Amino acid sequence: MTRPATEDELAEAIRGANGPLRVVGGGTRGMAPGGEPLETGALSGVTLHEPGALTLVAQAGTPLAVVNETLREAGQCLPFEPMDHRPLLGTAGEPTIGGVVGGGVSGPRRVRAGACRDALIGVRLVTGEGRAVKSGGRVMKNVTGYDLAKLACGARGTLGVLTEVAFKVLPLPADMRTLAREVRGAPEAAALMSRALASPYEVTGAAWDGARVLLRVEGLEGSVAYRAGKLGDLVEAEPLAEDPWAAVRDAKAVAGAGDLWRVHVRPSDAPAVLDRVPHERALLDWGGGLVWLRTAPGTDVRALMGVPGHATCLRGAAPPLHPPAAGIAALEEGLRRRFDPRGLFRGGPLRREGPGAARAMAAP
Amino acid sequence: MQMPAPDARIMERRAQVASRLRAVLSPGAVIDDPVATRAYECDALTAYKCPPLAVVLPSSTQEVAAALRVCHEEGVPVVPRGSGTSLAGGALPTADSVVLGVARLNRVLETSPEDRFIRVEAGRTNLSVTGAVEGLGFFYAPDPSSQLACAIAGNVAMNSGGAHCLKYGVTTNNLLGVTLVTMEGEVLEIGGAHMDPAGLDLLGAICGSEGQLGVVTEATLRILPKPEGAMPVLVGFDDPVTAGACVSGIIEAGVLPVAIEFMDRPCIRATEAFAGAGYPDCEALLIVEVEGSEGEIEEQLGAIEAVARRHDPVELRRAKTPEEAAAIWLGRKSAFGAMGQLGDYMCLDGTIPVSELPRVLGRIEALSREYGLEVANVFHAGDGNMHPLILFDANADGQLERCEALGAEILRLCVEVGGCLTGEHGVGVEKRDLMGVQFGEGDLEMQMRVKDVFDPGWLLNPAKVFPLGASEGRRA
Ligand SMILES: Cc1cc2nc3c(=O)[nH]c(=O)nc-3n(C[C@H](O)[C@H](O)[C@H](O)COP(=O)(O)OP(=O)(O)OC[C@H]3O[C@@H](n4cnc5c(N)ncnc54)[C@H](O)[C@@H]3O)c2cc1C
Ligand SMILES: Cc1cc2nc3c(=O)[nH]c(=O)nc-3n(C[C@H](O)[C@H](O)[C@H](O)COP(=O)(O)OP(=O)(O)OC[C@H]3O[C@@H](n4cnc5c(N)ncnc54)[C@H](O)[C@@H]3O)c2cc1C
């Protein structure tokens, strides 16, 4: 196991590696693929937090909890509300901010405030050749050069090891209210969420847990009271006393034994997915744009879904990621080879060929 | 600014290339008459001009693919073009290149209020996207000041921003998918009406790649419900440093306005003379706009005014009617026109951390005196995206060069304090040779490898973004 404490040490470890490496942040986001563990936990600490500029920069191994706490003390938060995978996947460990970026993890507020990749304004990473590279920076408007930060976000560590990540943050909402309405059918639920999201009341969460449609408004106190009232009238929903959003974020409704899937579709296609794919439990988030499914083992969600979009298998025998169309696959392959010519980081979930493939690959 | 010497072997084949292009495109889609190609010799960075070998104006994705296949086989560089409003020379041709304009691709393909997106052909203008969904109660958020003219194609290529991006983000945050045609003529669907990619975020790399990775022919854009209302407040200060501190104060107070715009005295004076908006004669002013219902506007402006009062404003003027709101925006919206009245100007676009505003404004003032050229500042203060305007006389000997040197100094300063060379206009040819100030060799190498993957022959807009020395071996 390697646990570098500086970017230089990390680069050296990568240059010296002679077999596959497995980048481990907190190790909370699911099963461990093969390779020598390369831990990021010693690259830890918030390096800059400027509340007046809405920016935070942290080393990649910083625990997510530390990032959240630093922001909370200044009345701010990460806009994209990353989930905690531990309850769902039954994993232990301390989720890191690098793992959040590596996984491109976004929660319910994504529907209004954007995804992890939208808040990410800069990265430093070390490539498979041990080269430290930066892209973006610490300012929220920056079009200087290509946006490699977007490529690294959600790459599950296959392009390189992140050492530092910078975010645009948001004021922590002063107030929050949830409205709920009992809805049994998915088509009705999707239509209701769509109506709420098309209203001017800035809905920051729209989910359906199989029994209730849940809608959230956040902001200044007076504003929240006003919008909750208007929205309640529009969709005939009632205020809910409890706060269900941590449960929605962590997909509690689909917890339990079986295969686990995240299906990304056009929101109005969500009912069709539920109709066609046999499942044990389901949860709609992002107004229907994200379909969580718990299925019987071996259910081939990709073959059954029948609408455009893609499906990620979080637990099950299926390959984790949806196979891309041929032209896209060639571009992705080309990019991975140029960032990681020796295929050191390809033991992870993006791997699609046999274990020997990494070593057999030629340099670009 | 240098451009690579045109390839004489390509120039000799102008007639052959044009006839091959004619064979695959609709009648009237190929322009190779040297007088007519002059209409495409530059974009809005008019200091640099060069008519291309030919211009093609395809009317479908298939025609774009066919034209690119011809150029690829002929080894001819291609410069994609939307409306030609780039301020960075992104659409500047070379004499041996074919300009591929997408202006004829301007249809709306699908509008979905229930899934909150619109799919358009990429030549459609920014403002007419909002025009297509306004009736349904929606708008397209990124709003560059050039929105009447600029195309979605250019917006995607430059990752353009606008006055409202503090709240709504820039193009990349409002883009769900594109149809991309590679230099080889392969048509790829990247992203779509769903959120987040299955694998690598190729869309994120394409947005902002300045026409170097592929030609965008269609785009799926996120649309948002129109807010119930909007209202600005104008705050005047007797020194710019206090105005800068007030910006941070507002943001720290937990309110997120849609826009915080900043103007300094030279800019205020010029716009007053030009538009007569009735601004106070002060050292700096902020225009802060918030959205919502009447009560929500009241609540937010109340919080903002409380912060502003702590910074001893010389003027605090809240709009109460749409007419008063328009009057507050009038000066800001005519700022560029007003500066144009004073002579030639060069518009910079560096971004800085908001906290550095006071120091950077002070340094710009000192540099302005040192170079003997006046600089006016008008910019999106909430996100630190500065727009220093350097005034000069293009006809006076050496002034353009002096102006460019001052501009480079200011951009170096932006990078030095933790910011960047360009916040929304792009690198193009204008900031190409300064890339080494912000990036190391390894950083640029990895960016160029991305281009290697999409365009191995380096035929798409090859002389932009990267310093010519750095890209030389690849452009061969
Ligand atoms: C079938 C399957 C599907 C998955 N789908 C998803 C999904 O949709 N969303 C999701 O978030 N996760 C998903 N994962 C989880 C995760 O990508 C992998 O399981 C990972 O190998 C677990 O890494 P970890 O235990 O270190 O977790 P974490 O430390 O939490 O890291 C998460 C991911 O980021 C990478 N990473 C961590 N730190 C860094 C760093 N500093 N630089 C670069 N990369 C870094 C890791 O390699 C890993 O891929 C999936 C996993 C599997 C097996
Ligand atoms: C008065 C004025 C005000 C402006 N205000 C703003 C502002 O507020 N915010 C802002 O961000 N910008 C602003 N701009 C700059 C400019 O309008 C933007 O950069 C705009 O996005 C350019 O769009 P265009 O269609 O004119 O692109 P063009 O100028 O034609 O091209 C710009 C770049 O895009 C590439 N490109 C064009 N079409 C394609 C395609 N189909 N596929 C791939 N690449 C392509 C070109 O090769 C070039 O590199 C302003 C410009 C002017 C003149």
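Source: prediction; values computed, not measured. Order of the sequence lines sets the chain letters (A, B, ...), proteins ahead of strands, with each chain counted from 1.
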Give me the one residue out of B/E296, B/E228, B/E299 that meets side-chain hydrogen bond (donor to acceptor under 3.5 Å, both in side chains) with A/Y226. B/E228

Return the minimal non-hydrogen interatomic distance between [X] and [Y], and the atom names on each side.
| X | Y | value |
| --- | --- | --- |
| B/C165 | A/K168 | O-NZ, 4.2 Å |
| A/R138 | B/V417 | NH1-O, 4.1 Å |
| B/L188 | A/I328 | CD2-N, 4.3 Å |
| B/C420 | A/T144 | CB-OG1, 3.5 Å |
| B/L200 | A/A155 | CD2-CB, 3.5 Å |
| B/E114 | A/S194 | O-OG, 2.8 Å |

Would A/R110 and B/D196 count as a salt bridge (charged side-chain N to carboxylate O under 4.0 Å, His left out) here? Give the steps. CA-CA 10 Å; A/R110 191 238 182 283; B/D196 296 353; 2.7 Å; yes

Any idea which of [options] has the most non-hydrogen atom pairs under 4.5 angstrom with chain A?
| options | result |
| --- | --- |
| B/S355, B/G208, B/A205, B/G249 | B/S355 |
| B/V450, B/L256, B/V427, B/N159 | B/V450 |
| B/L203, B/V354, B/D349, B/V187 | B/V354 |
| B/V453, B/I251, B/V465 | B/V453 |
| B/S248, B/G442, B/P225 | B/P225 |
| B/G350, B/G137, B/S293 | B/S293 |

Part of [X] lying under 4.5 Å from any heavy atom of chain A:
| X | value |
| --- | --- |
| B/Q300 | both |
| B/M195 | both |
| B/H425 | backbone |
| B/E186 | side chain |
| B/P353 | both |
| B/L166 | both |
| B/K431 | neither |

How many angstroms lie between atom [atom1] of [X] and atom [atom2] of [Y], to the nearest 0.5 angstrom?
| X | Y | atom1 | atom2 | answer |
| --- | --- | --- | --- | --- |
| B/D443 | A/L148 | CG | CG | 8.5 Å |
| B/R116 | A/L197 | CZ | CG | 4.0 Å |
| B/M446 | A/L335 | CE | CG | 9.0 Å |
| A/N142 | B/Q438 | CG | CD | 5.5 Å |
| B/T351 | A/K141 | OG1 | NZ | 7.0 Å |
| A/T55 | B/D383 | OG1 | CG | 11.5 Å |

Flag, side chain of A/R266 to backbone of B/H194, donor-acceptor distance under 3.5 Å: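 Judged by distance alone, no pair lies under 3.5 Å.
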
Within the side chain of B/D115, is there an N or O that forms a donor-acceptor pair under 3.5 Å with the backbone of A/S268?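 Flag set: sc B/D115 to bb A/S268 pair under 3.5 Å.
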
Top of [options] for chain B proximity - count of heavy-atom pairs under 4.5 angstrom:
| options | result |
| --- | --- |
| A/A198, A/A53, A/G327, A/P171 | A/A198 |
| A/L151, A/V265, A/L331, A/D147 | A/L331 |
| A/P173, A/S223, A/G137 | A/S223 |

Between [X] and chain B, with a heavy-atom cut-off of 4.5 Å, which part of the residue counts as in contact: side chain, backbone, both or neither?
| X | value |
| --- | --- |
| A/R112 | both |
| A/A132 | backbone |
| A/E221 | both |
| A/Y201 | side chain |

Kindly check if the number of other-residue, nucleotide or ligand heavy atoms within 6.0 Å of CD (B/E110) is above 12?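 Counting other residues, nucleotides and ligands, CD of B/E110 exceeds 12 neighbours.
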
A/K230, NZ: over 12 other non-hydrogen atoms inside 6.0 angstrom: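 No, because the 6.0 Å sphere around NZ of A/K230 holds 12 heavy atoms or fewer from other groups.
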
Looking at B/R449 and A/E129, is there a salt bridge between them, counting it only when a charged N and a carboxylate O are closer than 4.0 Å? yes

Cationic N near anionic O, under 4.0 Å, A/R131 to B/E441: no

Select all residues of residues 171-184 of chain B having any heavy atom within less than 4.5 Å of some heavy atom of chain A, and report them by number, or 'none'. B/T172, B/N173

Can you check whether A/Y146 and B/F439 have ring centres sitting under 6.0 Å from each other?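 When the ring centroids of A/Y146 and B/F439 are compared, they turn out to be at least 6.0 Å apart.
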
